[in-house]
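Notes for the one structure printed next.
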Amino acid sequence: MWPYIPELLDRPVPRYTSYPTAAEFGPVDTGFHEAGFDDLAPGAAISLYAHIPFCEKICWYCGCNTGAANRADRLAAYIDALHMEIETVAARLGNQRPVTQLAFGGGSPNAIDPVDFVRLLDHILIAFDAFDARLSIELDPRSLTTEWTALLGRAGVSHASLGVQTFDAELQARIGRIQPAESIERAVNGLRDNGVGSLNFDLMYGLPGQTSGKLAATLEQAVAMKPDRIALFGYAHLPASIPRQRQIDASDMPDGRSRFEMAGLGFSMLTAAGYKPVGFDHFALADDPLTLACEAGTMRRNFQGFTDDSSEALIGLGASSISSFPDRLVQNQKNSGRYRVLASANSLASERGIIRSAADRRRGSVIEKLLCTGRADISTVDVSIATHMLLDRFCKLGLIEQNGELIVITADGRPYSRTIASLFDSYLYAKEERFSQAV
Ligand code: SF4
């Protein structure tokens, strides 16, 4: 259905969960981090993200900053440090700001003891006065106990994202994530029975040995469980930068055309099943808040992907978490040992970051609009002659329409959204090899 133009997809492009992307960050000190808090408008709404970098079992394909939850002393020390950081950041922010959203991610937040989770949640709610925030969490269904589902319901968690990836047993073995369909079904039923009303499934295409038939079978099983949202990601095989992926036999990885066809198959099957496409790789039911935000043109993109959250700042807590302030991005220490040392000394735990210049913010807005709404007014940014020539080429290929300064991605252009957005990324060209294929 979509035209396949391989040369437009071969060029690696970022996923643009921020602009500039994390690849551009440089070393920063805590003063840089503090200035981010100082510049926040009084009373501006914020969102919070807490990172739990542990999982009970590590999946071979995973590119997240996470490690095995097999040492109780390490977990306890990390959680203690997180409590200290909550105090440090809350003192900086004050509790006069509405917190619209509180997300726990990782890793797998359910790799820690449920009692430790409740203590963390209580501490954050009190320290930031976040009692009205919407709560969401990423979960590993393999280790989701009935104790966990009950407590998430009681805590008022409204949205949970489950790592599903594939229902195919052979593919699961090949990517180091054995997960029978019954464990997903148990997790879904347990969460819904306890009032966690909104669920997302993460699925993947482009896995080694995966065929369109296997993907179709997984999509059918997923749709039968009626998650509110489905994120369908292309697997990025980058063993040079993600060492755990070296365990994966990549000898029969789907080629570019097969990946492209799988992305198209996912789009056709999910839209036929009643899901609305939101952004370039997410699907949601028609009445889901993300669909409504997408249709209203208010959907945003941040480090957690597509969101209907419109807060001015997203404050990250925990190792490797990224805070997004209006004029700067700051990432905490990635190494959990160094993070613990800093946070435990009542210090901000920043390691890297970047100032977002006014030009960056304008370019970031164009990129975000293209990815979230499929259209953007480019009159706010300087467009080089080379970019104009590329835009002309995309127009002739029928992938965009250009009306004056308005760029609109066409239905045929949807799989090229990231490539089209990247035309406005002034940092990209020297660094292409760091990113994944656009489909
Ligand atoms: S459970 Fe999720 S975060 Fe943990 S290793 Fe697997 S994919 Fe990565």
Side-chain angles (χ1 to χ4, degrees), residues 15 17 22 49-71 74-75 78-79 82 103-114 116-117 136-145 148-149 152 157 159-169 171-181 183-184 186-188 190-191 199-208 210 218 222 227 229-239 241-248 250 281-282 303-305 316-322 332 334-336 339 436:
R15 298 187 61 77
T17 51
Y49 169 79
H51 189 74
I52 310 290
F54 301 104
C55 295
E56 285 213 356
K57 295 176 200 145
I58 300 296
C59 314
W60 298 344
Y61 59 86
C62 179
C64 297
N65 177 36
T66 190
N70 55 4
R71 279 185 37 201
R74 213 161 56 124
L75 259 69
Y78 181 82
I79 291 165
L82 202 44
F104 288 87
S108 307
N110 59 316
I112 65 173
D113 190 284
D116 287 332
F117 177 78
S136 65
I137 190 166
E138 294 171 7
L139 296 168
D140 180 352
R142 296 173 297 178
S143 50
L144 191 66
T145 60
W148 262 101
T149 49
L152 293 173
V157 170
H159 178 76
S161 180
L162 302 177
V164 176
Q165 318 309 351
T166 174
F167 283 101
D168 188 280
L171 295 183
Q172 288 181 2
R174 295 201 47 183
I175 58 171
R177 187 185 177 112
I178 307 288
Q179 179 172 260
S183 69
I184 308 290
R186 210 171 30 244
V188 166
L191 288 164
L199 299 180
N200 172 74
F201 282 7
D202 281 350
L203 300 177
M204 281 199 295
Y205 68 86
L207 294 169
Q210 193 176 31
T218 280
R229 299 176 192 174
I230 293 176
L232 180 60
F233 300 115
Y235 169 57
H237 191 63
L238 303 165
S241 49
I242 306 174
R244 57 174 78 112
Q245 290 187 348
R246 292 177 198 151
Q247 299 167 89
I248 293 178
D281 57 6
H282 279 51
F303 296 107
Q304 289 145 58
L317 301 165
S320 78
S321 67
I322 301 179
N332 272 356
K334 279 189 182 169
N335 178 286
S336 53
Y339 163 78
S436 59

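Whatever order the structure lists them in is the order used to number ligands and atoms, beginning at 1. All of these numbers come straight from a predicted model, not from anything done at the bench.
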Contacts of type ring pair (Phe, Tyr, Trp, His ring centres under 6.0 Å), residue [X], not counting sequence neighbours:
X	result
Phe201	none
Tyr61	none
His237	Tyr235

Would you mind checking if Asp202 and Arg229 are paired as a salt bridge, meaning a charged N to carboxylate O distance below 4.0 Å?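 No, no charged N to carboxylate O under 4.0 Å.
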Lys/Arg N to Asp/Glu carboxylate O, Arg15 vs Asp281, below 4.0 Å: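 Salt bridge present between Arg15 and Asp281.
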Can we call the ring centroids of Tyr78 and Tyr339 under 6.0 Å apart?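 Yes; Tyr339 has its ring centre under 6.0 Å from that of Tyr78.
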For ligand 1, is any non-hydrogen atom under 4.0 Å from Arg142's backbone (N, CA, C, O), its side chain (CB onward), both, or neither?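 Side chain only.
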Qualifying residue for side chain to side chain contact (heavy atoms under 4.5 Å, CB included) with Asn110, from Ile52, Leu139, Ile137, Thr145: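 The option that passes is Leu139.
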N, O or S atoms of the protein lying under 2.8 Å from atom 6 (Fe) of ligand 1: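 Result, waters dropped: Cys59 SG.
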Going by the atom numbers of ligand 1, which of them fall below 4.0 Å from some non-hydrogen atom of Gly107?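 Ligand 1 atoms under the 4.0 Å threshold to Gly107: 3 (S).
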